[in-house]
2 protein chains.
Amino acid sequence: MNRFLSHATNRIDAKGRVSVPSMFRAVLARSAVEELYAWQDFVFPAVSMAGPEVLERFERMIGSQDPFSTEANKMSLLIHGGGVFMKLDGEGRLLVTDFIRDFAGITDRVTFAGRGDHFQLWEPAAFEEMQSRARKERTAIS
Amino acid sequence: MNRFLSHATNRIDAKGRVSVPSMFRAVLARSAVEELYAWQDFVFPAVSMAGPEVLERFERMIGSQDPFSTEANKMSLLIHGGGVFMKLDGEGRLLVTDFIRDFAGITDRVTFAGRGDHFQLWEPAAFEEMQSRARKERTAIS
DNA sequence: GTGGTTCCCATTGACGCCCATGGTGGCCCA
DNA sequence: TGGGCCACCATGGGCGTCAATGGGAACCAC
């Protein structure tokens with residue numbers, strides 16, 4: 001099953017690095033993803049990551065709109081201005097830059113959350129809270 | 001009849017493993033399920049398990065919504081972020097990870113409860129209590 | 001140079017794969 | 001119908017491998 005599933009919390013070391021859970025790295029490896037597209041999520045206070053094909057998907061959405069529309073411009077502002085490419089080091093860790101820290105409110109620990117075709121970096125407490133809130137507000141599931 | 005029925009309580013060993021009742025394993029074998037989809041239940045403090053087709057059913061529900069909506073994102077947070085694939089070892093045991101422990105409040109024993117098309121892992125006392133409460137609060141049955 | 005990266009290497013604990021044991025129930029056979 | 005044998009289930013533990021983490025040293029840019 002080639003999806004990003006589950007969640008796990010890892011520590012950020014003194015150099016600002018954090019290990020991406022091996023489960024997620026395995027998914028990336030299966031898709032032969034070398035460079036990760038990371039963007040500041042549109043809904044949650046979290047940074048999302050996936051292979052470059054997600055960026056291309058976003059760009060196709062913009063391409064199908066009137067290039068002078070406010071909508072298309074706003075979307076570009078988010079997916080381009082709010083996005084960046086990142087690489088993992090030899091041990092499968094990534095640098096937690098201010099781009100990530102500031103947007104997600106992360107300090108010393110990161111919760112990785114699978115989202116199917118991508119995964120997200122959360123501040124641990126924020127993730128807990130949002131997930132339990134979603135569970136309470138559950139509507140039609142099961 | 002290919003349903004998960006009855007309940008049983010097994011001990012977690014020193015390495016954090018617990019045997020899945022053979023009755024449940026037999027149901028899984030009949031459906032040729034190799035990998036189990038486990039999710040943190042939406043209603044009870046228990047972890048549910050079933051074959052991958054359940055995840056696909058959940059994903060179809062999400063697929064029918066606007067992918068940028070808060071609703072769809074929250075649902076994904078539960079079924080993807082709150083779900084994981086697990087495998088049994090050669091003896092039909094599964095590792096009781098923190099993913100399971102923390103959510104269900106399990107420490108040293110697990111109650112397996114059949115739920116028809118899936119089964120659940122409960123903290124024994126919590127299961128007892130919830131079941132007896134359900135018995136009392138039963139309204140429209142019979 | 002100085003600070004920030006990147007590339008290695010080391011450590012420790014967790015996990016996966018095997019094999020072993022005890023206890024119970026079922027089944028066969030006399 | 002009683003006894004005994006056998007199969008299976010729950011459980012325990014050894015050991016090799018890998019993941020997560022820590023830290024040194026080379027490297028690059030300003």
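Per chain, numbering begins at 1; letters A, B, ... match sequence-line order. Computed from a predicted model, the values in this text were never measured in an experiment. The analysis underlying the following values was restricted to heavy atoms, covering all of them including side chains, and did not include hydrogens, waters or symmetry mates.
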Side-chain-base donor-acceptor pair under 3.5 Å for A:Glu91 and C:dC7: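 No, no donor-acceptor pair under 3.5 Å.
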Sub-6.0 Å ring centroid separation between B:Tyr37 and B:His118: no
Near-ring test B:Trp39/B:Phe58, centroid separation under 6.0 angstrom: yes
Can you tell me how far [atom2] of [N] sits from [atom1] of [X], to the nearest Å?
X	N	atom1	atom2	value
B:Asp13	C:dG22	CG	P	17 Å
B:Leu88	C:dC17	CG	C1'	14 Å
B:Glu34	C:dG16	CD	C1'	16 Å
B:Lys15	C:dA14	NZ	P	12 Å

Nearest-nucleotide comparison on DNA chain C, the residue closer to the 5′ end among B:Thr97 and B:Arg93: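 Whichever sits nearer the 5' end wins; that is B:Thr97.
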Once you apply a heavy-atom cut-off of 4.0 Å, does [X] come out as touching a base, just sugar-phosphate, or nothing?
X	result
B:Ser22	sugar-phosphate
A:Arg17	base
A:Asp89	nothing
A:Arg11	sugar-phosphate

Contact boundaries on DNA chain D for chain B, cut-off under 4.0 Å to non-hydrogen atoms: D:dC9 to D:dC15
Pair B:Ser19, B:Arg93: side-chain N/O donor-acceptor within cut-off below 3.5 Å: no
Crowding at CD, B:Glu34 (>12 non-hydrogen neighbours, <6.0 Å): no
Neighbour count >12 (heavy atoms, 6.0 Å) for atom CD, A:Glu59: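 For A:Glu59, atom CD is crowded (more than 12 foreign heavy atoms under 6.0 Å).
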Over all atoms of both residues, closest heavy-atom pair of A:Ala113 and A:Phe127: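 Closest approach of A:Ala113 to A:Phe127, heavy atoms only: CB-CE1, 3.5 Å.
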Which atom of B:His80 lies closest to which atom of A:Gly116, heavy atoms considered: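 Shortest heavy-atom separation between B:His80 and A:Gly116 comes out as CG-N, 3.5 Å.
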5' precedence on DNA chain D between B:Met23 and A:Asn10 (nearest-nucleotide basis): B:Met23
Axis deviation across the helix from C:dG1-D:dC30 to C:dA30-D:dT1, five-pair ends, to the nearest 10°: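 That helix gives 30° between its end axes.
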Side-chain donor/acceptor of B:Arg25 to backbone N/O of B:Val20, under 3.5 Å: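 Yes; at least one donor-acceptor contact below 3.5 Å.
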Donor-acceptor under 3.5 Å (A:Asp13 side chain, A:Arg17 main chain): yes
Nucleic acid contacts of residues 99-123 of chain B, taken as heavy-atom distances under 4.0 Å to DNA chain D: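 Nothing qualifies; none.
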Euclidean distance, B:Ile100 CD1 relative to B:Trp122 CH2, rounded to 0.5 Å: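 Answer for the CH2-CD1 pair, B:Trp122 versus B:Ile100, is 14.5 Å.
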Side chain to side chain contact (heavy atoms under 4.5 Å, CB included) between B:Leu55 and A:Arg3, worked out: CA-CA 11 Å; B:Leu55 173 57; A:Arg3 299 184 185 85; 3.5 Å; yes
